[in-house]
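Have a look at the structure below, then the notes.
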Amino acid sequence: MRLKSPTIIFLLLFASAVLGQTDGRIVPVSGVKETGPIRSSGAYAEVLLRRTELQADIEAFLGDYTEENSKVIDARFELGILTKDLDRIYTVRPSETAKLTPALGKLIVRRAALETDLARLMRSYNKDHPEVKRAKRRVEIFAASIKEILG
């Protein structure tokens, strides 16, 4: 079967768009960023592991609890933070993927857990409570370390 020229062009454009697909979205070829080195990094693996654990936890929690349960709220909060962190990891230039070490991934995962603890405390106490202040400081320390690495 012989394809006509416009059909071939369409198929090539469609294939190139699909190959540029990231996270379920089709990205124009000119906007494709090489994510291979990022996805094979230790930091990406650490964050993805924790995000996957949280997704599984949420599924399990919803079998027993409602959306208003503190376990579900905390897991969704931490999941949101880690999703944003993965987006931030994707912004690292391919030439700088050496920064994406397992230690960075552990820092990101730990900071997300600390932010979740802080959010939980803030649901119970005001911002001037000593425990809230300590939790904020712990989050700031981890955030500063992450910023030092990623810039």
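This structure is a prediction, so every number in the text was calculated from the model and none was measured.
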Next on the checklist: Run the salt bridge (Lys or Arg N to Asp or Glu O under 4.0 Å) test on D57 and K71 for me, step by step, so that the C-alpha distance in whole Å, both residues' side-chain angles and the decisive distance to 0.1 Å come before the verdict.
Outcome noted: CA-CA 9 Å; D57 287 349; K71 289 182 179 185; over 6 Å; no
Checklist outcome for this item: When every non-hydrogen atom of E68 is compared with those of I73, the smallest separation belongs to O-CD1, 3.3 Å
Item to check | Spacing of CD1 belonging to I89 relative to OG1 belonging to T97, to within rounding of 0.5 Å | outcome: 12.0 Å
Checklist entry - When hydrophobic residues are tied together by side-chain contacts of less than 4.5 Å, even through go-betweens, does L86 share a cluster with L49? => result no
Item to check | Closest heavy-atom pair and its distance - K127, K133 | outcome: O-CG, 4.0 Å
Next on the checklist: When you compare the side chain of I149 with that of L107, does any pair of heavy atoms fall below 4.5 Å?
Outcome noted: yes
Next on the checklist: Could you tell me if the side chain of F77 sits less than 4.5 Å from the side chain of R120, heavy atoms only?
Outcome noted: no
Checklist entry - From I81 CD1 over to I108 CD1, what is the distance, rounded to the nearest 0.5 angstrom? => result 12.0 Å
Checklist entry - Rounded to the nearest 0.5 Å, what separation is found between the OG1 atom of T101 and the CD atom of E46? => result 9.0 Å
Next on the checklist: Working to the nearest 0.5 angstrom, can you tell me the gap between E115 CD and E140 CD?
Outcome noted: 10.5 Å
Item to check | Interatomic distance, R76 atom CZ to L54 atom CG [nearest 0.5 angstrom] | outcome: 11.0 Å
Checklist outcome for this item: In terms of heavy-atom contacts, Y44 and R39 come closest through CD2-O, 3.4 Å
Next on the checklist: I want to check something: taking the side chain as every heavy atom from C-beta on, are E67 and L62 in contact at a cut-off of under 4.5 Å?
Outcome noted: yes
Next on the checklist: Please find the pair of heavy atoms, one from L79 and one from R51, that lie closest to each other, and give the distance.
Outcome noted: CD1-CG, 3.2 Å
Next on the checklist: For K84, I'd like to know if atom NZ has over 12 heavy atoms of other residues, nucleotides or ligands within 6.0 Å.
Outcome noted: no
Item to check | Any L121 side-chain heavy atom under 4.5 Å of H129 side chain | outcome: no
Checklist entry - Is there a side-chain contact between I146 and L104 (heavy atoms, below 4.5 Å)? => result yes
Checklist entry - Do L114 and M122 belong together in a cluster built from hydrophobic side chains that touch within less than 4.5 Å? => result yes
Next on the checklist: Is there a side-chain contact between R50 and E78 in this structure, where contact means two heavy atoms from C-beta onward sitting under 4.5 Å apart?
Outcome noted: yes
Checklist entry - Heavy-atom distance under 4.5 Å between the side chains of L100 and L150, does that happen here? => result yes
Item to check | Minimum heavy-atom distance between V132 and N126, given as atom pair plus value | outcome: CG2-O, 3.5 Å
Item to check | Nearest-0.5 Å distance, CG of residue D117 to CZ of residue R134 | outcome: 13.0 Å
Checklist entry - Closest approach of S70 and R123, non-hydrogen atoms and distance? => result CB-NH2, 4.2 Å
Checklist entry - Is the shortest heavy-atom distance from the side chain of T91 to the side chain of D87 under 4.5 Å? => result no
Next on the checklist: Go through it in stages, so that I can follow the logic: the residues are I38 and Y90, the test is side chain to side chain contact (heavy atoms under 4.5 Å, CB included), and I'd like the CA-CA distance, side-chain angles, deciding distance and then a yes or no.
Outcome noted: CA-CA 7 Å; I38 293 170; Y90 279 128; 4.0 Å; yes
